[in-house]
Amino acid sequence: MEGVTQNNVPVLELIFGHTGQWIITGLVILLLGGKPITRFFRGFKKVKAGLGGIEVEPNLLSDEKSCPHVACNEEQSRNTQKIYDEINALKEKDNENATILSDINSNLISMKLSLETALKKTDELYIDQLKLVFYNKEMPEAERLIGGLRYIADGHNHQFKRDTVAFCQNNLAMYEAAVAVAPKLRVKEIDELMAREG
């Protein structure tokens, strides 16, 4: 008899002892067992032990992942291609949206620049209008005085300011009435002059 020694002790037991015999037997079963056994051991990766107890991932022993049929593989291939196509479609849509957003951004920048230019021109027209009101001798003196004071209140300090100060010195009562209604139109030089004369 092969595999048995003189004292009727199996060769594997002599070589590996009782534990080794079980290990080798397990390896032989594993190698010969095929997919069910490997799937069983692969399933241990999907079992989690935690505070809530043991959790098993769904479809632990399902055959969906490893279908040997050609039709299944073709279907998986079609599904995978469909997913890739959807991803590419989303990327193209993102690129289109980025282009649209870029166009909108450039249009907004252009509109902002146009608006800033229009506001600057409006401000210049307002300043010119204040000058015209002040220097037009046919306008009532109260409107001329308020036009000059608004020009100065907007921070403009040219010859026009000197002319407005001189005009207000000749019309102090009108100046006092105007700044009583609109205190932000006060001019420091005129107030100092009134304090000296006061």
Side-chain angles (χ1 to χ4, degrees), residues 45-46 48-59 64-65 75-198:
K45 294 179 186 175
K46 299 176 185 177
K48 302 174 193 170
L51 296 175
I54 295 177
E55 300 172 9
V56 179
E57 217 175 87
N59 301 327
E64 290 178 3
K65 293 183 181 175
E75 185 178 347
Q76 287 177 351
S77 176
R78 280 193 301 272
N79 290 340
T80 305
Q81 186 61 42
K82 191 185 297 184
I83 290 170
Y84 284 130
D85 291 343
E86 289 175 5
I87 290 171
N88 288 333
L90 288 174
K91 285 181 182 177
E92 289 175 13
K93 189 71 171 173
D94 283 346
N95 290 340
E96 290 174 15
N97 289 343
T99 304
I100 290 170
L101 287 176
S102 175
D103 291 344
I104 290 172
N105 189 35
S106 62
N107 288 340
L108 287 175
I109 290 171
S110 174
M111 289 171 61
K112 179 183 174 194
L113 293 175
S114 298
L115 183 61
E116 287 174 354
T117 303
L119 289 174
K120 185 176 179 183
K121 287 182 180 179
T122 303
D123 191 39
E124 290 171 2
L125 287 173
Y126 175 70
I127 292 168
D128 289 342
Q129 183 183 9
L130 291 176
K131 284 183 184 180
L132 288 174
V133 167
F134 179 75
Y135 284 118
N136 186 354
K137 300 205 188 247
E138 294 177 7
M139 294 290 287
E141 289 185 346
E143 288 185 33
R144 291 178 62 201
L145 181 113
I146 290 175
L149 292 176
R150 283 186 178 158
Y151 180 86
I152 295 170
D154 286 343
H156 305 290
N157 297 316
H158 302 293
Q159 175 63 38
F160 185 80
K161 181 176 181 179
R162 287 187 284 263
D163 293 344
T164 302
V165 169
F167 184 78
C168 289
Q169 287 173 344
N170 296 331
N171 299 295
L172 287 176
M174 200 180 320
Y175 170 77
E176 286 180 27
V179 295
V181 175
K184 69 175 188 167
L185 297 180
R186 287 194 171 278
V187 177
K188 181 180 167 187
E189 290 89 349
I190 300 171
D191 289 340
E192 289 173 356
L193 176 69
M194 287 174 61
R196 273 185 266 140
E197 290 181 1

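Fair warning: this is a prediction, and the values are worked out from it, not measured in the lab. Because only heavy atoms are used, hydrogens play no part in the values below, and waters and symmetry mates are left out as well, while side chains stay in.
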Would you compute the distance between atom [atom1] of [X] and atom [atom2] of [Y] and round it to the nearest 0.5 angstrom?
{"X": "Asn95", "Y": "Leu90", "atom1": "CG", "atom2": "CG", "value": "11.0 Å"}
{"X": "Asp103", "Y": "Leu108", "atom1": "CG", "atom2": "CG", "value": "11.0 Å"}
{"X": "Met174", "Y": "Ile146", "atom1": "CE", "atom2": "CD1", "value": "9.0 Å"}
{"X": "Leu115", "Y": "Ser110", "atom1": "CG", "atom2": "OG", "value": "11.0 Å"}

Pairing residues for [X] by the side chain to side chain contact (heavy atoms under 4.5 Å, CB included) criterion, not counting sequence neighbours:
{"X": "Arg162", "value": "Gln159"}
{"X": "Lys112", "value": "Glu116"}
{"X": "Leu101", "value": "none"}

- Message: Using side chain to side chain contact (heavy atoms under 4.5 Å, CB included), reason through Tyr175 and Gln169 one step at a time and then give a plain yes or no.
- Response: CA-CA 8 Å; Tyr175 170 77; Gln169 287 173 344; over 6 Å; no

- Message: Suppose the criterion is salt bridge (Lys or Arg N to Asp or Glu O under 4.0 Å): which pairs have a residue in residues 172-193, not counting sequence neighbours?
- Response: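 As it turns out, the salt bridge (Lys or Arg N to Asp or Glu O under 4.0 Å) pairs with a partner in residues 172-193, which skip direct neighbours, are Lys161-Glu189, Arg186-Asp191.
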
Residues 117-136, side-chain donor-acceptor partners within the protein, below 3.5 Å, at least two apart:
unit_1	atom_1	unit_2	atom_2	d
Thr117	OG1	Leu113	O	2.8
Thr122	OG1	Ala118	O	2.7
Tyr135	OH	Asp163	OD2	2.4
Asn136	OD1	Glu138	N	3.0

Under 3.5 Å, side-chain donor or acceptor atoms of residues 81-88 against the rest of the protein: list the pairs with distances, not counting sequence neighbours.
unit_1	atom_1	unit_2	atom_2	d
Gln81	NE2	Asp85	OD1	2.9
Asn88	ND2	Tyr84	O	3.3

- Message: A quick test of your reading: do over 12 heavy atoms of other residues, nucleotides or ligands sit less than 6.0 Å from CZ of Arg144?
- Response: yes

- Do you know which of Thr164, Leu185, Ile190 makes side-chain contact (heavy atoms from CB on, under 4.5 Å) with Ile152? Thr164

